[in-house]
Amino acid sequence: MRSLSELLEDRSIAKLGHDLKNAWLALRAAGIELAGASYDVMLASFLLDPGRRSHALEVLATEHLNAALTTVADLIGKGKSARSPSDVAVGVMAASSCANAWAVLGLRDRFTSQPGATAVGPLLERIEVPLIGVLADMEWRGIRIDSDRLRDLSKRFGAELRDIEQSIFDAAGTDFNLNSTQQLRQILFDKLQLPVIKRTKTGPSTDAGVLIQLADLGFDVPRLLLDYRELSKLKSTYVDVLPGNVNPDTGRIHTSFNQTGAATGRLSSSNPNLQNIPVRTPRGELIRQCFVPAEGCSFVVADYSQIELRVLAHLSQDPAFIEAFRQGGDIHSQTAAIIFDVAPDQVTPDMRARAKTINFATIYGQGPFSLARQLGISQEEAKEFIKLYFARFAGVRRFLDETVQNARRLGYVETLFGRRRYIPELKDLNYNIRAFGERTAMNSPMQGSAADLIKIAMVNLAAAMKQGGLKSAMLLQVHDELVLEATHQEVDRVVEITRHEMQQAAELSVPLVADVGVGPNWLEAKA
DNA sequence: CTGCTTTTT
DNA sequence: ATTGTAAAAAGCAGA
């Protein structure tokens, strides 16, 4: 019989690590299927305090059990000099594994008797632990890409890049490293004497906002550079890298979904990150088109509509907001009609755009200064606008104020389902840190509740598809969106089940709406 | 390794 | 008195 680590090398989808999901995948690679999980120390730690730096077993064991565990890195080394786990003597590995098992049991006892344990229990049992297997299945299945098309894009982007590069050198009158902000500063602000718009800690900023302003003043180098930056980012981060992420055994890309990555309760994705695939620009769309379903399948893409604003409406119980969502239709237009006190059909595109901006500003706890910048109005006007907004949505103002007050008193905020996030910054003596804490306190319940809702939907959807004996499956989660692969036969059923499970994840004071689309690639499936 | 910049929701 | 929008991952330059 072959060792587990040999099997892992065969099927690198199963990554060595100490979380339960990776163990699940490793066992599957070895031909052993777990029936389910009952507890996960890492997830328990995450729910008890999502803000802490590490939830690694050895760190938790040191802290709570005063025990020093041997890590995988201790045994095989790190980075390029790392040896294969199969080189470690069986006895050594066994001893380490036993110590780990002991630590898991000790930590579980510790955690279940801890003060915050009552709040954590249901989240762990009903959401996070059931989600482990769902995510393991998604990672295991992976997603297909059109590598030929990406290589073609790489050539095209490369040629374009060389042209732009030459134009910039001509316009600047000298060659330099376009990727070096230091050299760029010298060209822009010393040689060409362009005005400094904004500073970073280390010198004049050259970020996109600055370049746009300089381009609007009629300067060529910043205009060309914006194009260069977009092209270069997309090529080096996505177009050139994604084909190398294809697993040779499966022909698909297997990302990792991290369940303890974001303090709000959102998932994160890495190796590669498939939650930040471009879409905004025409070139971004070309990249999204390269994500394609298996032969004989279509993508089904389901998006929650305005989930964070709906959560806000529910949590705040603001009557105007709730009524707007119950009416249905475009929420930003509805908001505009309420703020500007006009009939819904009298809302102009500009009014809608302003309403949309301030709706987002509210979700993020944004102040008048940045709202003014975004809307292109004075700070005074922005203050008036915010005043008007909160006069119409007094319930939202009250809710946000109470949330911050309670957070100061209790030290934490909570989502709809009791997921906590501690915010020590609220007590900091530094004004900036405190203001940051206040924004965190306002945003986390909304972002976190939305994360809870889609996780519940995912667990229920996986169960429903299994129940229905469907071959189709979830592939990706992108915060408010699910990407599924459905056989042509099953497409209609998958669309309906997905919509149903997302919309019925919980009963709120406003309807939950999911928009579902079908298509031959990720771009075109998005409704 | 840190800072800057960019990508997504 | 003082900044300035929440949450991530990743590539590149330069020390």
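Just so we're on the same page: letters track the sequence lines, and every chain starts at 1. The structure presented is a predicted model; accordingly, all values stated were derived computationally and were not measured.
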Set of salt bridge (charged side-chain N to carboxylate O under 4.0 Å, His left out) partners for A/Asp40, sequence neighbours left out:
none
Distance, rounded to the nearest Å, where A/Lys235 contributes NZ and C/dG11 contributes P:
14 Å
A/Asn273 vs A/Asn443, nearer the 5' end of DNA chain C by closest nucleotide
A/Asn443
Go through the structure and list residues passing side-chain hydrogen bond (donor to acceptor under 3.5 Å, both in side chains) with A/Arg419, not counting sequence neighbours.
A/Glu128, A/Asp452
Just checking A/Ser444: base, sugar-phosphate only, or nothing, at a heavy-atom cut-off of under 4.0 Å?
nothing
Residues which pass salt bridge (charged side-chain N to carboxylate O under 4.0 Å, His left out) with A/Arg288, listed by chain and number, not counting sequence neighbours
none
Compute whether any side-chain donor of one residue and acceptor of the other, for A/Thr281 and A/Glu230, lie under 3.5 angstrom apart.
yes
A quick test of your reading: do over 12 heavy atoms of other residues, nucleotides or ligands sit less than 6.0 Å from NZ of A/Lys526?
yes
Is it true that A/Asp350 and A/Arg354 make a salt bridge, defined as a side-chain N closer than 4.0 Å to a carboxylate O?
yes
In terms of relative ring orientation, are A/Tyr412 and A/Tyr422 parallel, tilted or perpendicular, with 30° and 60° separating the classes?
perpendicular
Atom pair distance, as rounded to whole Å: CD in A/Glu308 and C1' in C/dA7
9 Å
If I pick the P atom on B/dT6 and the same atom on C/dT3, what distance separates them, to the nearest angstrom?
23 Å
For A/Lys198, check salt bridge (charged side-chain N to carboxylate O under 4.0 Å, His left out) against everything at least two apart and list the hits.
A/Asp207
Specify the residues of residues 180-200 of chain A, ordered by number, for which at least one heavy atom lies under 4.0 angstrom from an atom of DNA chain B.
A/Thr181, A/Thr200
Considering non-hydrogen atoms only, spot the tightest contact between A/Ala355 and A/Thr335 and give its length.
CB-CB, 4.1 Å
Span of DNA chain B, from the first to the last nucleotide whose atoms fall under 4.0 Å of chain A heavy atoms
B/dG3 to B/dT9
Can you sort out which residues in residues 275-292 of chain A have a heavy atom within less than 4.0 Å of DNA chain B? Ascending by number, please.
A/Gln275, A/Asn276, A/Ile277, A/Pro278, A/Val279, A/Arg280, A/Arg288
With sequence neighbours excluded, tell me which residues meet side-chain hydrogen bond (donor to acceptor under 3.5 Å, both in side chains) with A/Thr260.
A/Asn258
Take the protein atom CG of A/Leu267 and the nucleotide atom P of C/dA8, then report the distance between them rounded to whole Å.
12 Å
By the 4.0 Å heavy-atom rule, please label A/Thr206 as base, sugar-phosphate, or nothing.
sugar-phosphate
Spacing of A/Glu230 atom CD relative to C/dG11 atom P, expressed in whole Å:
18 Å
Polar atom pairs between nucleotides 2-4 of chain C and protein, under 3.5 Å, N or O only, would you list them?
unit_1 : atom_1 : unit_2   : atom_2 : d
C/dT3  : O5'    : A/Asn432 : ND2    : 3.4
C/dT3  : O4'    : A/Asn432 : OD1    : 3.3
C/dG4  : N2     : A/Gln379 : OE1    : 3.4

Residues passing the ring pair (Phe, Tyr, Trp, His ring centres under 6.0 Å) test with A/Phe257, sequence neighbours excluded, are none
For a quick test of reading the model, state the closest non-hydrogen atom pair linking A/Ile454 to A/Gln477 and the distance between them.
CG2-NE2, 3.4 Å
Expressed in angstrom and rounded to an integer, what is the separation of A/Leu234 atom CG from C/dC12 atom C1'?
15 Å
Would you classify A/Ala451 as touching base, sugar-phosphate or nothing, given that sugar-phosphate means primed atoms plus P, OP1 and OP2, and contacts are heavy atoms under 4.0 Å?
nothing
Looking at every strand, decide which applies to A/Lys383 at a 4.0 Å heavy-atom threshold: base, sugar-phosphate, or nothing.
nothing
Without decimals, in angstroms, what is the distance between A/Phe436 CZ and C/dA6 P?
6 Å
Give the minimum heavy-atom separation between A/Ser205 and A/Phe189, together with the two atoms involved.
O-CZ, 3.7 Å
Would you classify A/Asn258 as touching base, sugar-phosphate or nothing, given that sugar-phosphate means primed atoms plus P, OP1 and OP2, and contacts are heavy atoms under 4.0 Å?
nothing
All side-chain hydrogen bond (donor to acceptor under 3.5 Å, both in side chains) counterparts of A/Glu285, not counting sequence neighbours
none
Give one of base, sugar-phosphate or nothing for A/Ala372, where a contact means two heavy atoms less than 4.0 Å apart.
nothing
Roughly how many Å is it from CG in A/Asp480 to C1' in C/dA6, rounded to a whole number?
14 Å
Does C/dG11 have OP1 or OP2 under 4.0 Å away from a side-chain N or O of A/Thr237?
no
Would you please name every residue forming a salt bridge (charged side-chain N to carboxylate O under 4.0 Å, His left out) with A/Lys383, sequence neighbours left out?
A/Glu380
Nucleotide C/dA9, atom P - distance to CZ of A/Arg266 in whole Å:
12 Å
